[in-house]
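The structure appears below as structure tokens.
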Amino acid sequence: MKNRKAPKLANRFLAWFCKPDLLEQIQGDLEELFGRSEQPAWKRNIQYWYQVINILRPFAFKKWKVFHNNFTTLLRFNLLVAFRSIRKNTFFTALNVVGLGLGFFSCLLILEYVSEQFSYDKFHPDFENSYRITHSIKDSDKSLEKIATFSRVAEELALNYPAIDEVCRIFPLKGNIVVEKGETRFLEQKMLGVDSSFFDLFQFSFLHGSPQMALKEPRSIVITERVFKKFFRKDQNPIGAEIVINGGFGFWSPQGYQDRLVYKVMGVIADLPSNTHLDFEYLISLNIYPDLERELNNWGESFYTYFKVGDQESIETIREGLPSIAAKYRPNQNLSLGIQKMQSIHLTSSRTGELKSNGSEESVWLLVAVASILLLIAGTNYINFATAKAISRQKEIGIRKIFWAKKHQLFVQLMTEAFVLNALSIIFALLLIPIFNPLISSLMGFNMMDQLFSTRFLFIGLALFSISSLLSGIYPAFYISRLKATAVIQGTANSSHSGVGARKLLVGFQFAMSLLVIGFSAILFSQMKYVNQKNLGMNIDRTVVVNGPTIGVDNDSIFNSGMSYFKEEVQRLSGVTHMTLANFIPGKEIRGEANGYVRRMGTPESGANSYSFSQVDYQFFSTLEIPLIAGRSFDPAIASDQLSIIINKEAAFQLGFNSPEQAVGEQINYRMNSTPMIIGVVDNFHQFSLRSNYQPIIFEVRNAPDKYCYFKVSSNHDLAGIAKIQDVWGKAFPGNPFSFFFLENTYANQYQKEDQFLKTFGLFSILAAFVAALGVLGLAFFISKSIQKEIGIRKTLGANFYNINLIVVKRLGLYVALACILSVPFVYFLGENWLNSYAFRIDIKWWMLAAPGCMLILIAIAAVSSQSFKAYKQNPVQSLRSE
Amino acid sequence: MSKEYLGEFEELVLLMVAMMKDEAYGLGICDEIKKQAGRAVTIGAVHATVARLEKKGLVETLMGGATNERGGRRKRIIRITQSGKVSLTKSRDAKMKIWGMIPDLAINKNQ
């Protein structure tokens, strides 16, 4: 007989998975086969393994249950107990699930929102090494924070700092730009002029063309998908196609002023993701004609300058070199050039000229705070309920403690209860998400359903669940497992006093937190109401604005004749009461100069003043009802008015006049060596949202300023009237796209972000208060139950509802009231902080703090009364009967 | 898996069992299949099939003799039942009928 052993490991493996009934016959066969094999040893073993692996079929597997004996049984037992206790206390469980569920729901939302907000601009490669230049001018008492700087900065950076890999200038094109391809024309505004290094700094996905070639040639243009769909069919290759841009950018040539330029499409990129601070639909290369570079250096502060370094250390060198650049080109100003990281732009930068309104880190953290508070309150509820319930589960727990030798087993069982409850809550929260998705999208600007299955979301959910289960389970588990078993069974563990102090404290804490968020919300809402109602200093109701024409109006006389025709015809339409023209609108930035040149004649230059210049026609101030407070308005009969200016009150103040009256008749140094005279002063109006101060504005008059035509219409819904205006427009300015908007709406858009924030914060605050109220409800329930006997006795002795209610109220009431009072200073502090970001704000009145406090206290009393009423109703005979 | 119809491998194993009379056991069936049909099959495949056949009621099994080569372990002897015989005949008859209908490949013709 050959002396050979079958591979031991294979046999052990087989014995592990194979059913014992089959094991014998199979092993017998294997051994027989192995024994008679003529093959060399290694081949035999392999064949043996091959046969064993082939036994791995369903018919041979052991029954699953047999696998994990001890662990799973214990787990199932604990789960069973947990479910039973949940069913027995449905009321408390429901309160817990709703409370924790709401807490999870808001945390999930907020955390998702936070990670979205923090993800801005991080999809560009090397974003950590990308920076933007900031341009700040500081004078004795004012400072100007801008981003646009002059072109030479980019040049200096590129030439003198080898550590810099790429530099890119971005020049936002202003005005009404008409984009033309063949017969199709659109009015567009989101256009940026960029250097060819743009795609080295910013990464976007290309649908046609490539980043390397997109901006290399002169007169290239890159468009987004949305634009592509407007001008091309889906299957067309746009590369090389010609597009004409009218307006936005122009230059003087021997043939006259050229602002109708032909560009070649060299790339199409996918629509911009929402998480970037950039906002554009078109990119044109700044390489428009050969001598342009030299021109650009004369343009003043119009360029956003971005750059990328190879390594972090060189940033310091660059920062140190900036002052010399500032001194070289702007020696007479207190200019300080700075650097900001590209990834922080969205959350921290809100300088003049941002491409789109950025978020704020402050609001993000505030939302995190309110969501955490909600969750905290819900968790506290759970702890309170669990410890309170413990008393009523005395017998059950006592018996368990006696039967189980190990103390920690009870602990484990209670932790399991916590886990099960948290699991139910998180399922509840997940169910809430699809239901409230539309509301959430409009408030927070992203769609939860997309994120639902992303790893990030699952990770957050799991983390929340685990942390919450652990934290909410630990204290009750400790507390309960420490109760002495015998005392508990006999019922002598005095329910009313053990742990009650801690519970009251926790309730007080919940109420303090609720008051904090509700009080703060009240302040926010009051401020918003103030903002909505404040007199803007101008009347922008029922005002339709039409963007001015760009095509076919290069010649001033053509423009003027077209415009006077337009004006005449429109004013004949019924429904149009006033009409005026201006080159700016309230709510959008006005062109201005900030190099200190503008000043009262005879005074020295100073840097930090920035005045906005605008051109209006003779009817402007009367149409918008802006009051004149000194001097007179522009008069068409007086020819010299075309060389004079009107300023607003803020400008008068900044120019150094002691009163508006003093300014009338004075002259100032203006641009291009002109020194116009001030003929009148108008009152301030809120050019921007109430967050900003009044802007100092200087007005010139023209017969027909271009850019915007304002019409006062009879009502905001007069679409038929607008259609008539469109007809006249078509006749007056053929070939120009007609585009209009309601001034009120565009102006109100400035508040969109804070409106959303307010609503979100307010919503969560109300939820938090609601959950806190649930807590009070639960505790009141418990308290009334536990003093049932006392109530019974008092009732027989003649107490009425009021007396009994008072008892319960007193137990909880004191803590609640104290908590509310203690949180008042915090609310005040936070409120002040927030309000300071507004140039125009309300004062915090006492009722803003008192009203929410009283409301919460009333809610608490109502909750408590409802429970004590139930207890009161009970027949004393029932409650006093001994068990 | 229909209760009534035999799979291809099931039929093969069942045939072997019928052929080997009282000598059919796991490894034996493997060897016979190798010898008669030229197919190399694993022990696992055979045992799985036998379990299925047993479940369908086409075979019955009982423990048999132990030998030294098997390290003293007993074999499981497999015997065909009446319903197993019936299902084999049914399958054969059905196939024969269809074979007969193919003119070029009629059984009568010798290759």
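The sequence lines fix the lettering, A, B, ..., with proteins before strands; numbering per chain opens at 1.
The two residues A/Arg57 and B/Ala48 make their nearest non-hydrogen contact at CD-CB, 3.8 Å.
Enclosure of atom CZ in A/Phe436 is not indicated, since only 12 or fewer non-hydrogen atoms of other residues, nucleotides or ligands lie within 6.0 angstrom. Environment of CD in B/Glu23: sparse, with no more than 12 heavy atoms of neighbouring residues, nucleotides or ligands closer than 6.0 Å. By the neighbour-count criterion of 12 heavy atoms within 6.0 Å, atom CZ of A/Phe91 is densely surrounded, having more than that number from other residues, nucleotides or ligands.
Of the residues considered (B/Ala45, B/Gly26, B/Cys30), B/Ala45 shows the highest number of contacts with chain A, using heavy-atom pairs under 4.5 Å. If you tally non-hydrogen atom pairs under 4.5 Å between each of A/Leu56, A/Val52, A/Leu33 and chain B, the highest count goes to A/Leu33.
Between B/Ile43 and A/Glu32, the closest side-chain pair of non-hydrogen atoms is not below 4.5 Å. With contacts defined as side-chain heavy-atom distances shorter than 4.5 Å, the pair A/Leu22/B/His47 does not qualify. Two residues are said to be in side-chain contact when any heavy atoms from C-beta on lie closer than 4.5 Å; B/Arg52 and A/Phe59 fail this criterion. Between A/Gln25 and B/Arg73, the closest side-chain pair of non-hydrogen atoms is not below 4.5 Å.
Electrostatic pairing of A/Asp29 and B/Arg76 does not count as a salt bridge here, judged by no charged N lying under 4.0 Å from a carboxylate O. Salt-bridge formation is not detected for the pair B/Arg70/A/Glu31: no Lys NZ or Arg NE/NH1/NH2 atom is positioned less than 4.0 Å from an Asp or Glu carboxylate oxygen.
Taking OG1 of B/Thr42 as the reference point, atom CD1 of A/Ile55 lies at 7.0 Å (rounded to 0.5 Å).
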